[in-house]
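First up is the structure itself, then whatever we jot down about it.
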Amino acid sequence: MPESRFALSMDAYELITRNVSEVVTEDEVRALAEDPDGKRAYVGYEPSGVLHIGHMLTANKLIELQEAGFEVVVLLADVHAYLNGKGTFEEIRETATRMQEQFVAYGLEESQTEFVLGSEFQLDEEYVLDLHALELETSLSRASRAMAEIAGGDTATVAQAVYPLMQALDIVYLDVDLAIGGMEQRKVHMLARDTLPSIDADSPTCLHTPLIADLTSGVGKMSSSEGLSISMEDTESDIEEKVNKAYCPPTADPEPTDEGEDRENPVLQIFEYHVFPRFGEVVVDRPEQYGGDLHYESYADLEADLESGELHPADAKGALATYLNRLIEPGREKIREQRSD
RNA sequence: CGGACCGUAGCGCAGUGGCCGACGCGCUCGGUUGUAACCCGAGAGGACGCAGGUUCGAUUCCUGCCGGUCCGACCA
């Protein structure tokens, strides 16, 4: 099992905000970091049958928060998934349990993790009335702008306008001190900060994790619905193949495309946000003819070597596939069990 | 409710009453590069929104429906 070696060597604030794209607000998080024990952090996920690399990215943050002393609440957002057109309620609920088991297999500490099904409290009268109160405070265009990065279909529905307001309310009802989400969630969280005071609740403190770029182009963000994405149901050879297909110029700062779109190096991003946070050390298995194995103790060293040419992208990819496979293996095993039931 | 425009491969779009429905991006395969991208070569993929009608024949004309976009004080 991967272990973090950072828990003891970093101060709490550093650990809590490590690898995040945005801290809202720094002062609020510093206050939490002063005494993290027993503080509650949460992420909501629309249940899906299989964890993918995006789920794992926020889960990495949850694991770090647990190391810092936080209690973690994972909301299995069945009602949200339903509102976002992800299937019938029955189908969605079916996947929630599987998802929970996969999170534990991935490395969330079971004793410090509270899994909550959204429908357990989101249909209560009090919740619904509070929700209507928020609806009264929120313009349709604000709600749909907040949903733009999350919405599944191409048509905005009324359900999708309600969705972000429920997220805001969840933060109150789950009694959490810190809301975690990918950068695609930031508008929803900002809406929550603006709106919750109208029902006498506090504006939530938020951390947003980065989004990993599309694997084959480096443009935009990786999506589980299009292009290549990595999930726990990938076999070892799937992973090798996908990583090998990844866009990987020998730099951390690739040139924009001809159309002027920014590009990232997704291979490096995965090292930074997935591999190093979960493994203390990375060994790149390199053929003798190119100089033999390389050892890295930090992401920055690996990046510097790729940049200088010391580390060839092909070797970096080989190592990435190896470590991704190690990360995914426990979840892969769990999925195998789930499917043989 | 009223009006305008639109609905053609995964996406963006061209086009014609009958002749192979074009192009760009994407995708697949091969070449090149110790990865990928770029580049080169070869491919796959479409009941031309649905239902009627006109016609010898409709994807192209007409009607209805469904779906989408925009407009609806005055002026123009």
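Below, chains carry the letters A, B, ... as their sequence lines are ordered, and counting in each starts from 1. Reckoned from all heavy atoms, side chains included, excluding hydrogens, waters and symmetry mates.
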Measure from the side chain of [X], starting at C-beta and using heavy atoms only, and say which of [options] lies closest.
{"X": "Pro313(A)", "options": "U35(B), G34(B), C27(B)", "value": "U35(B)"}
{"X": "Lys245(A)", "options": "A37(B), U28(B), A36(B)", "value": "U28(B)"}
{"X": "Pro287(A)", "options": "G34(B), C27(B), U35(B)", "value": "G34(B)"}
{"X": "Tyr247(A)", "options": "A36(B), G34(B), U28(B)", "value": "A36(B)"}
{"X": "Asp315(A)", "options": "U28(B), G34(B), A37(B)", "value": "G34(B)"}

Going through the distances and angles, do His312(A) and Tyr290(A) end up as a ring-ring contact (aromatic ring centres under 6.0 Å, His included)? CA-CA 9 Å; His312(A) 191 280; Tyr290(A) 297 121; 7.1 Å; no

What distance, rounded to whole Å, do you find between the two [atom1] atoms, one in [N] and one in [M]?
{"N": "U60(B)", "M": "G49(B)", "atom1": "P", "value": "8 Å"}
{"N": "C66(B)", "M": "A51(B)", "atom1": "C1'", "value": "10 Å"}
{"N": "G26(B)", "M": "G43(B)", "atom1": "C1'", "value": "14 Å"}
{"N": "G2(B)", "M": "G18(B)", "atom1": "C1'", "value": "39 Å"}
{"N": "U59(B)", "M": "A14(B)", "atom1": "C1'", "value": "13 Å"}
{"N": "G12(B)", "M": "A73(B)", "atom1": "P", "value": "31 Å"}
{"N": "C6(B)", "M": "C40(B)", "atom1": "C1'", "value": "39 Å"}
{"N": "C65(B)", "M": "G7(B)", "atom1": "C1'", "value": "13 Å"}

Any side-chain donor-acceptor pair under 3.5 Å between [X] and [Y]?
{"X": "Thr322(A)", "Y": "Asn325(A)", "value": "no"}
{"X": "Asp177(A)", "Y": "Tyr42(A)", "value": "no"}
{"X": "Gln185(A)", "Y": "Gln167(A)", "value": "yes"}

Could you identify the nucleotide paired to [N], looking across every strand shown and requiring Watson-Crick or G-U wobble geometry with both distances under 3.5 Å?
{"N": "C66(B)", "answer": "G7(B)"}
{"N": "U33(B)", "answer": "none"}
{"N": "G45(B)", "answer": "none"}
{"N": "G12(B)", "answer": "C23(B)"}
{"N": "G18(B)", "answer": "C56(B)"}
{"N": "A73(B)", "answer": "none"}

When you measure from the side chain of Thr195(A) to the backbone N and O of Ala192(A), does any donor-acceptor pair fall under 3.5 Å?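 Not a single qualifying donor-acceptor pair exists.
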
Atom-pair distance ([atom1] on [X]; [atom2] on [N]), nearest Å:
{"X": "Glu241(A)", "N": "A36(B)", "atom1": "CD", "atom2": "P", "answer": "12 Å"}
{"X": "Asp214(A)", "N": "C11(B)", "atom1": "CG", "atom2": "P", "answer": "17 Å"}
{"X": "Asp285(A)", "N": "G34(B)", "atom1": "CG", "atom2": "C1'", "answer": "15 Å"}
{"X": "Gln289(A)", "N": "G34(B)", "atom1": "CD", "atom2": "C1'", "answer": "8 Å"}
{"X": "Tyr290(A)", "N": "U35(B)", "atom1": "OH", "atom2": "P", "answer": "8 Å"}
{"X": "Leu294(A)", "N": "G34(B)", "atom1": "CG", "atom2": "C1'", "answer": "14 Å"}
{"X": "Leu228(A)", "N": "A36(B)", "atom1": "CG", "atom2": "P", "answer": "14 Å"}
{"X": "Glu255(A)", "N": "C38(B)", "atom1": "CD", "atom2": "P", "answer": "15 Å"}

Take Tyr299(A) and Phe271(A), measure what ring-ring contact (aromatic ring centres under 6.0 Å, His included) needs, and give me the verdict at the end. CA-CA 7 Å; Tyr299(A) 166 72; Phe271(A) 269 113; 7.6 Å; no

Sugar-phosphate only, base, or nothing, as touched by Pro250(A) at under 4.0 Å among non-hydrogen atoms: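 Pro250(A): base contact, heavy atoms under 4.0 Å.
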
Taking only N and O in the side chain of Lys242(A), is any of them less than 4.0 Å away from OP1 or OP2 of U35(B)?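 Looking at the OP1 and OP2 atoms of U35(B), neither is under 4.0 Å from any side-chain N or O of Lys242(A).
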
Can you label the angle between the Tyr163(A) ring and the His80(A) ring as parallel, tilted or perpendicular, going by 30° and 60°?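 Answer is perpendicular, since the angle exceeds 60°.
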
